[in-house]
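A short write-up of the structure that comes next.
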Amino acid sequence: MNEVKSHNFLEEIIEEDLKAGKYQSIVTRFPPEPNGYLHIGHATSICLNFGLTARYGGYTNLRFDDTNPVTEETEFVDSIKADIKWLGFEWKYELYASDYFATLYEYAHILINKGLAYVDDLTSEEIAQLKGTPVDPGKDSPFRDRSIDENCRLFEKMKDGEYPDGSKTLRAKIDMKHPNMLMRDPLLYRIKHAHHHRTGDAWCIYPMYDFAHGQSDSIEQITHSICTLEFIPHRELYDWLIEKLEIYPSHQYEFARRNLSYTVMSKRKLMQLVNDGYVNGWDDPRMPTISGMRRRGFTPASIRNFCERIGIAKRENIIDFSLLEFFLREDLNNTALRVMAVLDPVKLIITNYEDEKTEELTCENGPDEAYGTRQISFCKELWIEREDFMEEPAKKWFRLAPGASVRLKSAYIVRCDNFQKDENGNLETIYCTYFPETRSGLDNGTMKVKGTIHWVSVEHAIKAEVRMYDRLFKVENPSSEDGDFKDYINPDSLQILNAFIEPSLKKAAVVDRYQFLRKGYFCLDEKSTSENLVFNRTVTLKDAWAKEVKR
RNA sequence: UGGGUUAUGGUGUAAAGGCAGCACAACAGAUUUUGAUUCUGUUUGUCUAGGUUCGAAUCCUAGUAACCCAACCA
């Protein structure tokens, strides 16, 4: 097999850098702000950064971009670390932008001493006012030409807490008429008398993103600093600061963030879903957060394979959710234990089966023989799926109907002789005859049926709550529709069922993955208890019959 | 005084002047004690208009469209 490997643009840049001897090995970083939970979009960035150093040699740091004390919390630091580990990646160093506050403060002085930064007394509104617009040039602040000495003194006083929040800022002195708005004397430091999750009350001035991120990259000698497209305008400032500070020249590269159909990804929108009660928390299995997906039953491998396959580029995109589902099913199909569970039960009575008899039948555990077999109990009364019976069978119907026969998985072939409805006209009981010679394994092949259905014994089955999840939104791109994105929420994204499941599931663990035969992949919910078993549907099986019905 | 980025099937992504490929999706069939899996096959694409060239997704010219930038957020 000589597979032709295709390279994305970042891999090409790195290979050229390596070939040219610019670097011996590369260093990347994953730089989240600890102000929320990671989602599938972050996962692509994680896979990218860690994947690149795994491939080309070098390492990846985890760096928390914690320069805004009012939004950041240790809780988020912990969840981010747990999510990255769960995805299967190991960072070299755990670092914090806040570790560099003292260095950054020195860097600011370097700029001031070079006459490249000044303390501005303008208010936020005044600064915005003088900034101009993308089509109109800005105007200089009246404080722009303070002396170096005065700037030094004022900046020190800012640090010493002598001024209230918002009263002064430190700005780079670049060009108020610059076509790139980011270069119109960007803010470097602001005053915030706020408690920081790591530095406590040691500081009351905090660097802005632009005066922390590139500098942190440089301190860590990051070779390739990879971020999303919206930071392109920042690159000019990133390079300017590195040049003027005369520090290690990290380089920034940008890629297009990945969007997934039928969901939203912005932190703001996800927060609304949580706060307004559309979902039950950040780890709700419908959420595109890593914690939600984990709870839903996604596997790390499926997410990694997905990220690998979608590649990386610079154009806008909305990736089809079914692509993610494909990798999920692919992984689960290879690993999930096969069990039987009846989600919407209706009773089936085998009229010619002995009343008190129980037979132990052999059933395969997994996708191949290596998984072995287990015994399952078979009795006169069984639960089967309501949708596996049709009073007036449609064309191409393979399942139960009056007079029709099906195989009960790993058991016998039965023929439906009769059925009974309750006073509301709902199917209550199906009466069947079984054929003893068709027992699974002994079958001599004289009788053939098209359909095989799953079942559980009424006497042996246990109860469980099963949560069926569907996509959160009714439209592909909720954010681009008219009106509020919440108007497009799928009201049926969660359906709770009371199911009968086979008794072997009593010992299910959260890490186990199951296929409920013919119904989909399921896992035990993190909050399930032995008194109240709860299973989550991770993803359905592909369903050719459902497609047939749609026509 | 505006600047920047991007355009390849329904979706995502390759092709560095030389056969438009791969995956998903869709469709058709075979196998199947899961209408699953597996296997086989099919359909669908280079933003537009010119130009250069034996040959253009790729180079040139002119358009068009989408996205990003005016937080003391990151």
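Convention: sequence-line order gives letters A, B, ...; per-chain numbering from 1. These numbers come from the heavy atoms of this one structure, side chains and all, not from hydrogens, waters or symmetry mates.
- When the C1' atom is compared between B:rG29 and B:rG10, the two are found 23 Å apart, to the nearest whole Å.
- Between the CD atom of A:Q515 and the P atom of B:rA36 there is a distance of 11 Å, given to the nearest Å.
- Nucleotides B:rG41 and B:rU34 place their P atoms 24 Å apart, quoted to the nearest Å.
- Inter-residue side-chain proximity for A:I219 and A:D99 is flagged as unmet; no heavy-atom pair is nearer than 4.5 Å.
- Side-chain N/O atoms of A:R258 and base N/O atoms of B:rG12 include no donor-acceptor pair closer than 3.5 Å.
- The main-chain N or O of A:D65 is never found under 3.5 Å from a side-chain atom of A:E33 such that the two would form a donor-acceptor pair.
- Proximity note for A:P179 (side chain, C-beta onward) versus B:rA66, B:rG2, B:rA25: the nearest is B:rG2.
- Rounded to a whole Å, the CZ atom of A:R329 is 14 Å from the C1' atom of B:rU34.
- For A:K168 and A:Y163, the positive end sits near the middle of the six-membered ring, less than 6.0 Å away and at most 45° from its axis.
- Taking atom C1' in both B:rG45 and B:rG21, the straight-line distance is 12 Å, to the nearest Å.
- Stem analysis of RNA chain B (Watson-Crick or G-U pairs, both distances under 3.5 Å, runs of at least three) returns B:2-7 with B:64-69, B:10-13 with B:21-24, B:26-30 with B:38-42, B:47-51 with B:59-63.
- The side-chain heavy atoms of A:F298 and A:F306, taken from C-beta on, include no pair separated by under 4.5 Å.
- Closest to the side chain of A:N333, from the set B:rG35, B:rG12, B:rU37, is B:rU37.
- Among the protein residues, A:E254 comes within range of no part of the nucleic acid, since none of its heavy atoms lies under 4.0 Å from any strand.
- B:rU31 and B:rU37: their C1' atoms are spaced 11 Å apart (whole Å).
- At a cut-off of 3.5 Å, with distance as the only test, a side-chain donor of A:Y118 or A:D185 sits close to an acceptor on the other residue.
- Annotation: A:E75, atom CD; neighbour count of heavy atoms from other residues, nucleotides and ligands within 6.0 Å is above 12.
- For the pair A:E364 and A:F327, nearest-nucleotide mapping onto RNA chain B gives the more 5' position to A:F327.
- Taking atom CG of A:D331 as the reference point, atom P of B:rA36 lies 20 Å away to the nearest angstrom.
- Taking the syn range as angles within 90° of 0, the glycosidic angle of B:rA71 is syn.
- Summarising the geometry of A:L343 relative to A:M468, their closest heavy-atom pair is CD2-CE, 3.9 Å, with the distance given to 0.1 Å.
- Straight-line distance between the P atoms of B:rC59 and B:rU8: roughly 15 Å, to the nearest whole Å.
- Nucleic acid contact for A:I319: sugar-phosphate only, since backbone atoms but no base atoms lie under 4.0 Å from a heavy atom of the residue.
- Taken to the nearest 0.5 Å, the CD atom of A:E72 stands 12.5 Å off from the NE2 atom of A:H195.
- Within the 4.0 angstrom heavy-atom criterion, no nucleotide atom of any strand lies near A:D136.
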Short heteroatom pairs, N/O only, protein and nucleotides 70-74 of chain B, under 3.5 Å:
unit_1 : atom_1 : unit_2 : atom_2 : d
B:rC72 : OP1    : A:S124 : OG     : 3.3
B:rC72 : N3     : A:G166 : O      : 3.4
B:rC72 : N4     : A:L122 : O      : 3.1
B:rC72 : N4     : A:S124 : N      : 3.4
B:rC72 : N4     : A:G166 : O      : 2.7
B:rC73 : OP2    : A:R190 : NE     : 3.3
B:rC73 : OP2    : A:R190 : NH2    : 3.0
B:rC73 : OP2    : A:K192 : NZ     : 2.9
B:rC73 : O3'    : A:R190 : NH2    : 3.1
B:rC73 : O2'    : A:N68  : ND2    : 3.2
B:rA74 : OP1    : A:T67  : OG1    : 2.7
B:rA74 : OP1    : A:R190 : NH1    : 3.4
B:rA74 : OP1    : A:R190 : NH2    : 2.8
B:rA74 : OP2    : A:Y209 : N      : 2.9
B:rA74 : O4'    : A:E33  : OE1    : 3.4
B:rA74 : O3'    : A:D65  : OD2    : 3.4
B:rA74 : N6     : A:H234 : NE2    : 3.1

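- Among the protein residues, A:K450 comes within range of no part of the nucleic acid, since none of its heavy atoms lies under 4.0 Å from any strand.
- For B:rG12 and B:rU52, the P atoms lie 34 Å apart once the distance is rounded to whole Å.
- Residue A:I318 is in sugar-phosphate contact alone, with no base atom involved, counting any heavy-atom pair closer than 4.0 Å across all strands shown.
- Computed from coordinates, the A:N8 CG to B:rG21 C1' distance equals 17 Å when rounded to whole Å.
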- Task: Any chance you could lay out the side chain to side chain donor-acceptor pair (under 3.5 Å) test for A:T228 and A:E254, step after step, and finish with the verdict?
- Result: CA-CA 5 Å; A:T228 47; A:E254 310 86 7; over 6 Å; no
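- Lacking a ring centre under 5.5 Å from that of the base six-membered ring together with a plane angle below 30°, A:F326 does not count as stacked on B:rA23.
- Between the C1' atoms of B:rA7 and B:rA57, the separation comes to 11 Å (whole Å).
- Of the N and O atoms on the side chains of A:E360 and A:S377, at least one donor lies less than 3.5 Å from an acceptor on the other residue.
- The listed nucleotides are B:rG35, B:rG12, B:rC24; the one nearest the side chain of A:W545 is B:rG35.
- Of the candidate nucleotides B:rA16, B:rG2, B:rG35, B:rG2 has the atom nearest to the side chain of A:V135.
- For A:R309 and B:rC24, a side-chain-to-base donor-acceptor distance below 3.5 Å is absent, hydrogens and geometry of angles not being considered.
- Position along RNA chain B of the nearest nucleotide to A:G138 versus A:A544 favours A:G138 as the more 5'-ward residue.
- For the pair A:E330 and A:F327, the minimum side-chain heavy-atom distance is below 4.5 Å.
- Within 4.0 Å (heavy atoms only), A:I312 reaches sugar-phosphate atoms of the nucleic acid but no base atom.
- Rounded to whole angstrom, the span from the CG atom of A:D320 across to the C1' atom of B:rU44 amounts to 15 Å.
- In terms of polar N and O atoms assigned as donor or acceptor, the side chain of A:E316 never comes within less than 3.5 Å of the base of B:rA7 in a complementary pairing.
- The distance between atom CD of A:E385 and atom P of B:rA36, rounded to the nearest whole Å, is 17 Å.
- One interatomic measurement links the two molecules: CZ of A:R315 to P of B:rA14, which rounds to 6 Å at whole-angstrom precision.
- Atom CZ of A:F306 and atom P of B:rG12 are 11 Å apart (whole Å).
- On a pure distance criterion of 3.5 Å, a polar donor-acceptor pair joins the side chain of A:S440 and the base of B:rU33.
- You'll find the side chain of A:V342 stays beyond 4.5 Å of the side chain of A:F516, heavy atoms only.
- Using P as the reference atom, B:rA71 and B:rA66 are 24 Å apart when rounded to the nearest Å.
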